[in-house]
Amino acid sequence: MKKKLEHSGLPIYYDDQYVLHFEEGLTCGGGGTKEAEKMRGLLYREENLDGNEICYSFYRDIVFEKDRGLFESRDYRYDITVIMPGEINGECKKTSGHFHGEIQGQIWTYPEIYEVLEGEITFLLQKTRDFEREDPEFERISAVKVKAGQAIVIPPFCGHGSVNTGDGVGIFSNIAVVSCPLFYEPVKKKHGLSYYIVKEKGQITYIKNDAYADLPKLEVVLPEEERELGIVFGKPVYQEFVKAPEKFEYLRDPGEYVDRMESMTAGSQSGR
């Protein structure tokens, strides 16, 4: 039996194996899966690892043909990631984590929009302007707990990864600049992001990654919407973009909007 991804606002369904199905002319350009073996070196604990266990799957370039020009003219793409339910040795399943490169001719790195479509995703953000150094100096570390129907913008300079902290499957979309350079190695050489998120008896615990030195205190926060950036909770991002694409120019030219982006992910404290 298939279930509709209502919060996407699109004719997308997922089945009992969490495989996505696209209908009514909506197309997907491709995708794949990432198994536990491919996550080796990024996990909290790796003993007795089932290398074939799927951590997450991804779907790229999802679009109606009538909207393709709007996305391609701006070098944007709409994708979806499905993080499977459950844990690996107690650690909540997650994506690999990465940093974005700089926008040509600007001082900023590329932002990105993430929108949760099902479940709860915690986005771990670690802000630094020198991520390629052996021991970067971090300005802020945040765990942003985002529920279905909510979205955030990843601000410039924030390395980030996505963790399924809900009780079932976690599904989220993104709108990103296609030509944005992605850097996975700085995360991999530290054996993951700055914190591992572990679930013990149903309770979430944040465990510091000892490969990092002198981290600021972890802030666990809830997101805040930002209408000027086209982020309105309960309104699907795909439709908001198609309706007013000019609102999303900050993905290529973020300068005057950086403070707004940062306020979205430094919002009300959620408690620990």
Side-chain angles (χ1 to χ4, degrees), residues 1-34 56-84 95 100 103 110-121 123 146-154 160 162 164 168-182 223 225-254 257 261 264:
M1 183 176 179
K2 294 190 292 186
K3 180 179 178 181
K4 189 172 184 179
L5 273 181
E6 296 286 355
H7 289 287
S8 72
L10 299 168
I12 305 174
Y13 300 78
Y14 66 93
D15 60 28
D16 293 341
Q17 301 301 311
Y18 310 111
V19 175
L20 297 190
H21 302 265
F22 306 92
E23 301 184 4
E24 301 176 27
L26 187 68
T27 62
C28 175
T33 60
K34 194 152 190 179
Y56 63 96
S57 56
F58 51 91
Y59 299 81
R60 300 291 182 252
D61 190 22
I62 299 163
V63 69
F64 286 114
E65 198 59 38
K66 64 182 177 64
D67 301 328
R68 187 176 297 279
L70 279 178
F71 283 90
E72 291 186 348
S73 64
R74 292 165 173 79
D75 194 29
Y76 294 172
R77 193 176 69 195
Y78 179 88
D79 307 324
I80 291 179
T81 301
V82 179
I83 307 182
M84 299 301 167
T95 60
H100 290 178
I103 303 169
Y110 284 94
E112 183 174 9
I113 299 168
Y114 282 120
E115 171 192 31
V116 177
L117 306 177
E118 190 78 13
E120 177 188 277
I121 302 291
F123 296 100
V146 185
K147 294 185 180 295
Q150 299 178 332
I152 63 171
V153 179
I154 305 296
H160 52 281
S162 314
N164 181 1
V169 68
I171 304 177
F172 65 93
S173 68
N174 67 279
I175 293 183
V177 175
V178 177
S179 57
C180 168
L182 303 179
E225 63 182 20
E226 180 50 76
R227 291 173 179 267
E228 188 169 335
L229 301 184
I231 306 301
V232 183
F233 293 170
K235 293 191 175 182
V237 168
Y238 185 105
Q239 282 84 349
E240 290 299 293
F241 169 73
V242 170
K243 183 171 65 177
E246 68 280 358
K247 281 190 174 183
F248 295 80
E249 292 299 313
Y250 60 85
L251 291 175
R252 296 181 301 170
D253 189 12
Y257 301 101
M261 295 180 202
M264 294 177 69

Run the side-chain donor-acceptor check on residues 20-27: report pairs under 3.5 Å with partners two or more places apart or on a different chain.
{"from": "H21", "atom 1": "NE2", "to": "D15", "atom 2": "OD2", "distance (Å)": "2.9"}
{"from": "E23", "atom 1": "OE2", "to": "K2", "atom 2": "NZ", "distance (Å)": "2.8"}
{"from": "T27", "atom 1": "OG1", "to": "V63", "atom 2": "O", "distance (Å)": "2.9"}

Write down the atom of P11, the atom of K4, and the distance for their closest heavy-atom approach. CA-CE, 4.3 Å
When you compare the side chain of P181 with that of H100, does any pair of heavy atoms fall below 4.5 Å? no
Does the side chain of S57 come within less than 4.5 Å of M84's, by heavy atoms? yes
Please tabulate, one pair per line, all N/O donor-acceptor pairs under 3.5 Å involving side-chain atoms of residues 240-249, not counting sequence neighbours.
{"from": "E240", "atom 1": "OE2", "to": "K243", "atom 2": "NZ", "distance (Å)": "3.1"}
{"from": "E249", "atom 1": "OE1", "to": "R252", "atom 2": "NH2", "distance (Å)": "2.5"}
{"from": "E249", "atom 1": "OE2", "to": "R74", "atom 2": "NE", "distance (Å)": "3.0"}

Search all heavy atoms of H7 against all heavy atoms of V116 and return the closest pair with its distance. CB-O, 4.4 Å
Distance from Y18 atom OH to K3 atom NZ, nearest 0.5 Å? 10.0 Å
Looking only at heavy atoms, what is the nearest atom pair of Y110 and L251, with distance? CD2-O, 3.6 Å
Within the distance-only criterion (no hydrogens, no angle test), does the side chain of E72 pair as donor or acceptor with the backbone N or O of G69 below 3.5 angstrom? no
Kindly indicate whether the side chain of I113, heavy atoms from C-beta on, has any atom under 4.5 Å from the side chain of N174. no
Can you measure from CD1 (I154) to OG (S162) and round to the nearest 0.5 angstrom? 7.0 Å
So, the side chain of D61 versus the backbone of C28: is there a donor-acceptor pair under 3.5 Å, distance only? no
Approximate separation, where rounding is to 0.5 Å, of K66 NZ and L70 CG: 8.5 Å
Does Y14 have any side-chain hydrogen bond (donor to acceptor under 3.5 Å, both in side chains) partners at least two apart in sequence or in another chain, and if so, which? E118
Under 3.5 Å, is there a donor-acceptor pair between the Y238 and D67 side chains? yes
So if I apply the ring pair (Phe, Tyr, Trp, His ring centres under 6.0 Å) rule between F172 and each of Y114, Y59, F58, which one comes out positive? Y114
Indicate the atoms forming the closest heavy-atom contact of A151 with P223, along with that distance. O-CB, 4.5 Å
Is there side-chain contact between Y56 and T33, with at least one heavy-atom pair below 4.5 Å? no
Tell me if a side-chain donor or acceptor on E115 pairs with a main-chain N or O of V237 at a distance below 3.5 Å. yes
Could you check whether any side-chain heavy atom of P236 comes within less than 4.5 Å of a side-chain heavy atom of S8, counting everything from C-beta outward? no
Contacts of type salt bridge (charged side-chain N to carboxylate O under 4.0 Å, His left out), residue D75, not counting sequence neighbours: none
With sequence neighbours left out, what residues match E112 under salt bridge (charged side-chain N to carboxylate O under 4.0 Å, His left out)? none
Nearest 0.5 Å, please: how far is CE in M264 from CD in Q150? 10.0 Å
Could you check I83, I152, I171, T95 and say which one makes a side-chain contact (heavy atoms from CB on, under 4.5 Å) with I121? I83
Taken in chain and number order and not counting sequence neighbours, the residues that satisfy salt bridge (charged side-chain N to carboxylate O under 4.0 Å, His left out) with E65 are R68
When rounded to the nearest 0.5 Å, the distance separating CG of L117 from NZ of K147 is 15.0 Å
C180 vs I103 side-chain heavy atoms within contact, under 4.5 Å: no
Test item: F123 and H160 side chains (from C-beta on) under 4.5 Å apart, heavy atoms: no
Within the distance-only criterion (no hydrogens, no angle test), does the side chain of Q239 pair as donor or acceptor with the backbone N or O of G9 below 3.5 angstrom? yes
Student check: side-chain heavy atoms of I62 and F64 closer than 4.5 Å: no
Take atom NZ in K235; do more than 12 heavy atoms of anything else shown fall under 6.0 Å from it? no
